[in-house]
Amino acid sequence: MKIDKWMKAALLGLAIASFPVAPKFAIAESLRIVNRGTATTLSVPMNRAVVVESDVPFSELSIANPGIADISSLSDRTIYVLGKSPGITTLTLLDGTGQLITNVEVRVAADVTEFKERLRQILPGEQIEVRTANDGIVLSGVVSSSQRLQRALDLAERYAPERVSNLMSVGGVQQVMLKVRFAEMQRNVSKSLSSSLSFSGGSVTGGTGGLNNQGAVTNALGGNIPFANDNAGAVLFGFNAGSVQVGLLIEALERKGVVRTLAEPNLSALSGQEATFLAGGEFPIPVAQEDSNITIEYKPFGIELKFVPRVVDGDIINLELNAAVSAVDPTNSVTLNGFSVPAFIRRETSTTVELRDGESFAIAGLIQDDFIDNASQIPWLGDVPVLGALFRSADYQRSQTELVIIITAHLVTPTRGEALALPTDRIKPPSEKGLFLFGQISRTERAGSRAAAEVAKQDFTGSYGYVMD
């Protein structure tokens with residue numbers, strides 16, 4: 001009898017073991033309830049459904065906030081949960097006697113699965129972590145450039161408009177040193193040749209050019225060059241023709257000048273931050289106000305530099321630049337109410353360029369050529385061939401300017417202070433012996449004597465800018 005029961009039990013167990021079990025849903029989550037009242041957390045993507053199974057049969061279900069998640073029972077062990085809006089609510093399971101089986105915390109958040117996949121496709125290799133917060137997206141991690149950071153933010157805005165939190169940071173070197181070189185060459189040439197004629201005979205006295213007044217005529221006929229002469233060279237000829245005295249004054253002038261201006265300001269700034277630089281000063285300018293009051297405003301002049309660097313990708317640098325060189329020009333001053341207000345000579349450029357680390361760019365260039373030619377003569381007499389030169393004066397002025405502004409950008413990192421050299425490191429105050437006995441105004445350290453000697457050997461011969469004949 002016992003053997004018969006054992007045989008039946010064995011056959012029953014074999015039949016149960018060989019019976020095919022229905023597969024679970026791929027997205028199902030099992031809630032393993034060990035003890036009654038144990039709390040469990042269930043994450044549900046928004047607008048998607050999750051099927052969960054319970055180890056304990058239930059007879060009643062309830063959801064605390066139906067606006068966050070919707071539920072329905074498929075069987076006494078299977079629950080269908082649909083995420084509706086971001087938030088947290090509670091799912092309660094009760095048995096047939098009304099006793100609490102468990103409370104399930106249901107978290108509904110935006111579905112970022114597709115966003116993560118698109119992020120990996122567009123920005124491969126970037127260590128960007130994606131999380132959900134309420135109904136938004138939180139991005140964190142370190143990206144290689146600010147340009148890729150902006151791409152990730154733009155993509156996230158497509159999935160959660162105006163609900164993206166950026167906790168990412170940009171790695172790599174993010175400090176830029178900008179070197180700007182202003183090089184300007186000015187050449188001025190002016191030449192003039194004039195002739196003046198004076199004569200006196202009987203009751204007739206006259207003169208042309210620089211001898212057209214009585215004092216100049218008297219000096220010229222007396223053998224003296226007029227005091228008004230300011231040319232580089234003057235020659236006076238005089239002769240008598242009977243009772244007529246004739247004086248001929250020939251004046252000549254040739255002036256050449258060269259001006260070379262070079263400025264090299266350097267400035268460092270963090271990517272995305274503005275940096276300004278001024279080497280010069282501020283000039284007081286009187287400004288008229290109401291009730292005849294005069295106030296003073298200060299206008300900066302000198303070498304001015306303002307730029308905003310942006311490291312966009314790797315070693316590519318975007319530069320928003322404003323550079324200027326200005327100087328006070330008293331020759332073009334204006335006098336108002338007793339105040340003399342000077343003018344300013346200013347060369348300025350404002351642009352945006354993009355270049356790589358160590359590359360240079362000529363952002364501005366100016367070639368200016370001014371030419372003035374003047375001729376004055378006595379009507380008709382100056383048109384006479386050969387002899388007409390005695391009644392004619394001519395001069396010309398020519399001014400040529402060449403200006404070039406070159407910028408060079410470098411990605412830089414800090415270093416220890418001992419590795420930096422200053423211009424004052426080589427020069428030290430002289431000793432009393434060197435000052436009083438040898439007339440030394442400074443002494444050069446041994447380490448810098450070689451560098452000082454090399455600088456002293458430099459010369460400035462050769463052509464610069466334009467060459468005029």
Side-chain angles (χ1 to χ4, degrees), residues 184-261 327-335 340 342-345 366-403 460-469:
E184 183 176 19
M185 197 67 200
Q186 296 179 354
R187 284 185 179 270
N188 299 292
V189 173
S190 62
K191 295 181 180 180
S192 65
L193 179 63
S194 63
S195 61
S196 303
L197 183 67
S198 65
F199 58 91
S200 175
S203 59
V204 178
T205 301
T208 63
L211 303 178
N212 63 352
N213 59 77
Q214 184 62 43
V217 171
T218 302
N219 285 335
L221 296 180
N224 298 318
I225 297 176
F227 293 106
N229 176 63
D230 58 354
N231 292 310
V235 179
L236 178 62
F237 300 94
F239 59 91
N240 297 330
S243 61
V244 178
Q245 292 180 315
V246 179
L248 177 62
L249 176 66
I250 299 177
E251 299 174 286
L253 171 67
E254 181 177 6
R255 180 183 293 117
K256 297 180 180 180
V258 177
V259 178
R260 176 179 181 265
T261 303
V328 180
D329 183 17
T331 59
N332 294 320
S333 61
V334 179
T335 302
S340 179
F344 286 84
I345 300 175
L366 170 66
I367 296 178
Q368 183 176 352
D369 190 351
D370 298 329
F371 180 83
I372 301 175
D373 189 0
N374 296 316
S376 59
Q377 66 180 20
I378 296 178
W380 303 295
L381 295 180
D383 296 330
V384 176
V386 183
L387 294 178
L390 301 176
F391 305 94
R392 183 172 58 244
S393 299
D395 67 89
Y396 82 89
Q397 296 179 359
R398 190 174 186 181
S399 176
Q400 291 180 322
T401 301
E402 182 181 7
L403 171 66
F460 298 96
T461 60
S463 301
Y464 293 94
Y466 293 93
V467 176
M468 300 183 196
D469 296 330

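Treat the numbers as computed from the prediction; the structure is a model and nothing was measured.
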**Prompt:** So Q400 and I367, side chain to side chain contact (heavy atoms under 4.5 Å, CB included) or not? Walk me through it.
**Reply:** CA-CA 7 Å; Q400 291 180 322; I367 296 178; over 6 Å; no
**Message:** Within this structure, what is the CD-CZ distance for the pair E402 and R260, rounded to the nearest 0.5 Å?
**Reply:** 12.0 Å
**Asked** What distance separates L193 CG from E254 CD, expressed to the nearest 0.5 Å?
**Response** 11.0 Å
**Reported CG-to-CG distance for the pair D395 and L253, which is rounded to 0.5 angstrom** = 9.0 Å
**Asked** What heavy-atom pair brings P330 and P342 nearest, and what distance separates the two atoms?
**Response** CA-CB, 4.3 Å
**Asked** So among D370, D369, I372, which one has a side-chain contact (heavy atoms from CB on, under 4.5 Å) with R398?
**Response** D369
**Message:** If you compare all heavy atoms of N332 against all heavy atoms of A343, which two are closest, and at what distance to 0.1 Å?
**Reply:** O-CB, 3.4 Å
**Complete:** All heavy atoms of R392 vs all of S195, minimum pair found to be O-OG, 3.4 Å
**Request:** First locate atom OG of S198, then atom CG of L236, and finally report the distance between them rounded to the nearest 0.5 Å.
**Result:** 7.5 Å
**Request:** Quick one: pull up OG in S190 and CZ in R255 and give me the separation to the nearest 0.5 Å.
**Result:** 5.0 Å
**Request:** Examine the side chains of Q186 and E184 and answer whether a donor and an acceptor come within less than 3.5 Å of each other.
**Result:** yes
